[in-house]
Amino acid sequence: MNYPYQIKNLEEYKAAYTKSVKEPENFWAEVAENFVWKKKWDSVLEWNFSEPSIKWFKGGKLNITENCLDRHLATNANTPAIIWESNDPEEHHRVLTYKELHFKVCQFANVLKNNGVKKGDRVCIYMGMIPELSIATLACARIGAIHSVIFGGFSAQAISDRLQDAHAEYIVTCDGGFRGTKDIPLKSVIDDALIACPFVKRVIVCTRTRTAVSMIKGRDVWWEDEIKKVETQGNPACPAEEMDAEDALFILYTSGSTGKPKGVVHTCAGYMVWTNYTFVNVFQYKPGQVHFCTADIGWITGHSYIVYGPLSAGATSLMFEGIPTYPDAGRFWDVVDKFKVNILYTAPTAIRSLMSFGLDTVNNKDLSSLQVLGSVGEPINEEAWQWYYKNIGKEKCPVVDTWWQTETGGILISNLAGVTPHKPSFATLPLPGVQPCLVDESGKEIEGNGVSGNLCIKFPWPGIIRTTYNDHERCRQTYFSTYKGLYFTGDGCLRDEEGNYRITGRVDDVLNVSGHRIGTAELENAINMHSGVIESAIVGYPHDIKGQGIYAYVIYDGTHDHNLTRKDIAQTVTHIIGAIAKPDKIQFVTGLPKTRSGKIMRRILRKIAEGDTGNLGDTSTLLDPTLVDVIKEGAL
Ligand code: PRX
């Protein structure tokens, strides 16, 4: 496959960027011509940010799976589409060529149809990182069902909330999943989630761990049995459903500063064009290369850069079931060596964690196949960047620091590997089509270079969020109302003298722990559910490995031992959200520093959590300023 829109040098980048701003419709029409459409679009872009209403390629008809699978069959049928490496290094890896993946997706699409799934239905997918997860995802897209993939680390309660919000009547899961030494009881978690979701009609269970599971008559069926039924029906083909460019492709839940997680909705055409365009340009993918994105498909990074971006480009995408430290901290490097990986895309947390194990597990591996390194999910500190560049890339691989969000569908700000310069700890320049701006608190744009402010985007790009499921007003309020006429990212940002962007972290009440987004309000609600807890306040603090750690201040009137209560609270959080949201530190306090209007002064709590208690700033507006000293004394 060739990519006529792949930018090859700095001049081409500048020209493409300028054209994307001056003539966005022509620019994107030219890119979109390179995809398979069942019917061409009537207009390239119609938009306003006030409702918001954003329509890319309106009137166009397509199916994303024809672009990810069918179109590669003529020339690349035997190219590996997915290489899968097991959690267990002794278990044989699997390779699915485009032909095989196409076959399996069609087969499972027929399973979904046999089980009553129709276009527009929501299907929740809760599986470990096995090829069947990609197959289930693509099979939904094949028949126009809307997938909602939930990360395997979320709790039954979190799943239940998401199932109810999306009113998902169908679930695809596994008996269990392997991660390091753990065997995660996925089906059992689903069973607990379903207690509050009687509307679920069907649960399709794929075998992985062959853990004993409960199978309820009339509701639960085995993946393998359903495949056999399709086989006996004879015809494995499944025509790709004709989808409108703006039909929903998937929902992915993400945390914000208020309330429960919201279902970010992406649509078919724009998301396809954006993930493909960014994949091909940021990583400078060349046919034949092996791309290894270490994310889980339960997060947006996996959706966009394991499944849709690479497959729409006919690339070979490596899926890894395990974790970076099992059986030892050299596992990523083993995988790179074993499959001669060319592009490695991972998170700063993983890099920092592996750094701490030293170079013994790195230096005995052949990493010479690597050509491009990528970073995603959180700011990468200079030390981690340099370690990655020197010890993994051997100073010959460009590092792309890719800034983006669940809501943006794909990468918005990043250098293009080997094409535009990298700069440690800077995401650098916007991709063509992305018009960033910095604003001050009042919403006034801060022009020029050498400045910082809140990061907004002025103009839609094809992969932008369209709505939050079932609650369009929430989408408007969260992203489009803080600053009139702008998409607000929630991130703080600095623009250096050369115009390079550096993302400095969230400016709202959202934490980024090991690259996972956690809303403080959501976490406080979970903690407050623990008996004996009266109130709590969560702040982030710098953490060597995780980037940010979770510090909880808790007012507790219970009589139980504090150390045990800390564990009980952590268990409550694990139950309500999942283990990823467990607080690192819990300090019991008698009160929280509040203003007379009842607002918690988080600024003070943040400083105490950071250990920076020298100057806490003005505390005179506090209802009870003496409380601050007491909290300071008890700091952990
Ligand atoms: O704060 C930014 C941070 O992660 C947030 C988005 O999180 P999520 O929707 O879970 O998506 C993560 C994967 C794209 C952003 O608002 N973030 C993401 N990438 C970077 C980053 N911060 C700094 N540098 C990055 N490269």
Side-chain angles (χ1 to χ4, degrees), residues 149-151 153-154 250-257 261-266 271 274-275 278-279 282-283 293-306 308-309 345-352 373-382 384-385 388 399-415 422-431 434 436 452 454-457 463-465 468 478-479 482 487-494 500-520 522 540 546-548 580-581:
V149 184
I150 300 179
F151 174 61
F154 279 114
F250 67 84
I251 305 171
L252 187 55
Y253 284 86
T254 192
S255 295
S257 47
K262 47 193 171 295
V264 172
V265 175
H266 285 289
Y271 176 80
W274 189 245
T275 51
T278 52
F279 173 73
V282 171
F283 301 104
C293 167
T294 71
D296 191 290
I297 293 177
W299 307 111
I300 191 71
T301 307
H303 280 62
S304 301
Y305 299 109
I306 296 178
Y308 290 111
Y345 190 31
T346 194
T349 294
I351 300 168
R352 286 191 297 262
L373 300 177
S375 170
V376 60
E378 47 178 321
I380 180 163
N381 49 313
E382 175 119 20
W385 193 103
Y388 196 30
V399 177
V400 289
D401 178 357
T402 64
W403 172 82
W404 58 296
Q405 310 177 299
T406 304
E407 296 85 344
T408 70
I411 299 162
L412 292 203
I413 304 183
S414 172
N415 49 313
H422 60 208
K423 179 168 181 178
S425 76
F426 278 77
T428 74
L429 300 171
L431 265 87
V434 178
S452 36
N454 290 345
L455 179 63
C456 294
I457 316 285
I464 189 173
I465 180 175
T468 44
T478 312
Y479 307 105
T482 316
Y487 166 82
F488 177 43
T489 65
D491 279 318
C493 182
L494 173 157
N500 290 306
Y501 290 85
R502 173 192 206 155
I503 314 304
T504 47
R506 303 286 305 194
V507 293
D508 52 8
D509 290 324
V510 172
L511 306 184
N512 192 331
V513 180
S514 300
H516 300 149
R517 253 165 90 164
I518 297 170
T520 51
E522 193 191 345
K546 299 178 175 186
Q548 263 188 320
I580 54 167

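Read the numbers this way: they start at 1 and go in the same order the structure lists the ligands and their atoms.
- In this structure, Tyr253 OH and Phe154 CZ are separated by 12.0 Å, a value rounded to the nearest 0.5 Å.
- Under 4.0 angstrom from ligand 1, the non-hydrogen atoms of Glu378 all belong to its backbone.
- Close approach to Val376 involves these atoms of ligand 1, each under 4.0 Å from a residue heavy atom: 13 (C), 14 (C).
- Thr346 and Thr294 share a side-chain donor-acceptor pair at under 3.5 Å.
- Atoms of ligand 1 lying under 4.0 Å from any heavy atom of Asp401, numbered from 1 in the order shown and given with element: 24 (N), 25 (C), 26 (N).
- Protein heavy atom closest to atom 19 (N) of ligand 1, with residue, atom name and distance, is Gly377 N, 3.2 Å.
- Residues passing the side-chain contact (heavy atoms from CB on, under 4.5 Å) test with Val507 are Asn454, Phe488, sequence neighbours excluded.
- Salt bridge annotation for Arg352-Glu378: present, with a cationic side-chain nitrogen under 4.0 angstrom from a carboxylate oxygen.
- Atoms of ligand 1 found under 4.0 Å from any heavy atom of Thr402, numbered from 1 in the order shown, are 19 (N), 20 (C), 25 (C), 26 (N).
- With sequence neighbours left out, Tyr501 forms a ring pair (Phe, Tyr, Trp, His ring centres under 6.0 Å) with no residue at all.
- With ligand atoms numbered from 1 in the order given, ligand 1 contributes 6 (C), 14 (C), 15 (C), 18 (C), 19 (N) to contacts under 4.0 Å with heavy atoms of Trp404.
- For atom 13 (C) of ligand 1, the nearest non-hydrogen atom of the protein is Thr301 OG1, 3.4 Å.
- Looking at Thr406 against ligand 1, both its backbone and its side chain come within 4.0 Å, counting heavy atoms.
- Residue contacts with ligand 1: Ala427 is excluded, as none of its non-hydrogen atoms falls under 4.0 Å.
- Remark: minimum distance from atom 10 (O) of ligand 1 to any protein heavy atom is reached at Arg517 CD, 3.3 Å.
- Nearest to atom 1 (O) of ligand 1 among the protein's heavy atoms is Asp491 OD1, 2.7 Å.
- Atom 23 (C) of ligand 1 has its closest protein heavy atom at Pro379 N, 3.1 Å.
- The aromatic rings of Trp299 and His516 lie parallel to each other, with less than 30° between the two planes, well short of the 60° mark.
- A donor-acceptor contact closer than 3.5 angstrom links the side chains of Tyr345 and Thr402.
- Counting the atoms of ligand 1 from 1 in the order shown, those under 4.0 Å from a heavy atom of Ile503 are 22 (N), 23 (C).
- Leu494 and Ser452 make their closest contact through CA-CB, 3.8 Å (heavy atoms, listed as atom of the first residue, atom of the second, distance).
- Distances below 4.0 Å separate heavy atoms of Asn512 from the following atoms of ligand 1: 3 (C), 4 (O).
- Screening Asp491, Ile300, Ile465, Thr254 for a side-chain contact (heavy atoms from CB on, under 4.5 Å) involving Gln405 leaves a single residue, Asp491.
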